[in-house]
Amino acid sequence: MVIVTVMYPIRPENKFDLDYYMKSHMPLVRDRWTPCGMQDATVLKGLPGPGGAAPLYGMMAVLRFASTEAFQEGVSKHGREVMGDVPNFTDAQPIVQVNEVLS
């Protein structure tokens with residue numbers, strides 16, 4: 001199993017339309033990638049840390065896939081459409097990391 005994290009480093013000068021992200025983008029992600037082996041998608045909103053430190057990432061999506069191959073299939077079939085939707089809700093550059101689940 002792999003977990004793909006999509007992290008958005010939101011700064012005060014960045015826009016992020018949370019309403020669009022939750023009501024349009026994430027349903028698009030689920031619609032396109034669930035048939036390709038995505039098992040779950042969770043959205044996390046960064047909060048201030050100890051002492052009020054700003055979070056490194058304002059938003060994160062945690063996507064669980066059955067395998068690296070399943071993720072790659074989803075990207076090859078629908079990656080252009082999914083990533084092409086990003087400018088509709090933010091001007092921040094997302095950081096994508098693929099993670100192997102060890103336990």
Side-chain angles (χ1 to χ4, degrees):
M1 177 183 311
V2 296
I3 293 181
V4 178
T5 52
V6 183
M7 302 166 283
Y8 297 91
I10 307 300
R11 306 291 176 251
E13 65 273 10
N14 292 124
K15 74 167 185 123
F16 196 96
D17 184 341
L18 183 58
D19 191 56
Y20 183 92
Y21 182 72
M22 296 300 293
K23 291 180 180 175
S24 296
H25 184 72
M26 288 308 297
L28 172 69
V29 168
R30 288 181 177 100
D31 183 62
R32 298 303 187 268
W33 286 351
T34 297
C36 297
M38 186 177 79
Q39 299 172 335
D40 185 47
T42 302
V43 175
L44 306 173
K45 181 178 180 183
L47 299 175
L56 293 176
Y57 303 101
M59 297 297 295
M60 287 193 278
V62 180
L63 313 174
R64 184 186 316 266
F65 283 84
S67 64
T68 303
E69 294 77 21
F71 172 62
Q72 291 172 345
E73 176 188 350
V75 170
S76 70
K77 287 184 176 178
H78 305 290
R80 185 171 297 191
E81 179 184 13
V82 170
M83 294 307 289
D85 190 48
V86 171
N88 291 324
F89 62 88
T90 188
D91 55 3
Q93 181 66 38
I95 298 168
V96 178
Q97 180 170 308
V98 179
N99 309 278
E100 178 183 10
V101 176
L102 298 179
S103 66

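- Summarising the geometry, atom CG belonging to Asp40 is positioned 7.5 Å from atom CE belonging to Met38; distances are rounded to the nearest 0.5 Å.
- Proximity of Ser24 to Asn88: side-chain heavy atoms (C-beta onward) are nowhere separated by under 4.5 Å.
- Note on Tyr20: it does not cluster hydrophobically with Leu44, by side-chain heavy-atom contacts below 4.5 Å among ILVMFWY residues.
- Expressed to the nearest 0.5 Å, how far CG of Leu63 lies from CZ of Phe71 amounts to 7.5 Å.
- The CZ atom of Phe65 sits 11.0 Å away from atom CD1 of Ile3, with the distance rounded to the nearest 0.5 Å.
- In the hydrophobic clustering of this structure, Leu56 does not group with Val4; members are Ile, Leu, Val, Met, Phe, Trp, Tyr whose side-chain heavy atoms approach within less than 4.5 Å, directly or through other members.
- Hydrophobic clustering (side-chain heavy atoms under 4.5 Å, transitive across Ile, Leu, Val, Met, Phe, Trp, Tyr) groups Val6 together with Tyr21.
- Residues Pro35 and Asp31 come closest through the heavy atom pair CD-O, 3.3 Å.
- Panel note: side chain Asp17, backbone Lys15; no donor-acceptor pair is recorded below 3.5 Å.
- Taken together through direct or relayed side-chain contacts under 4.5 Å among Ile, Leu, Val, Met, Phe, Trp and Tyr, Val62 and Tyr57 form part of one hydrophobic cluster.
- Nearest heavy atom pair, residue His78 against residue Trp33, reads CB-NE1, 3.7 Å.
- Between the side chain of Arg64 and the main chain of Met1, no donor-acceptor pair closer than 3.5 Å is present.
- When atom types are taken as modelled, the side chain of Asp85 and the backbone of Val82 share no donor-acceptor pair closer than 3.5 angstrom.
- Relative ring orientation between Tyr8 and Phe89 is described as perpendicular, the plane-to-plane angle rising above 60° on a 0-90° scale split at 30° and 60°.
- Atom CG of Asn99 sits about 4.5 Å away from atom OG1 of Thr5, to the nearest 0.5 Å.
- Rounding to the nearest 0.5 Å places NE2 of His25 at 10.5 Å from CE of Met59.
- Rounding to the nearest 0.5 Å gives a distance of 10.5 Å between CE of Met60 and CD1 of Ile95.
- Of all non-hydrogen atoms in Met83 and Pro94, the two that sit nearest each other are CE-CG, 4.0 Å.
- Taking all atoms of both residues into account, the shortest heavy-atom contact from Ala92 to Ile10 is CB-CD1, 3.8 Å.
- Scanning all heavy atoms of the two residues, the minimum distance from Pro27 to Met22 falls at CD-O, 3.3 Å.
- Cluster membership for Met26 and Phe16, using ILVMFWY side-chain heavy atoms within less than 4.5 angstrom, is shared.
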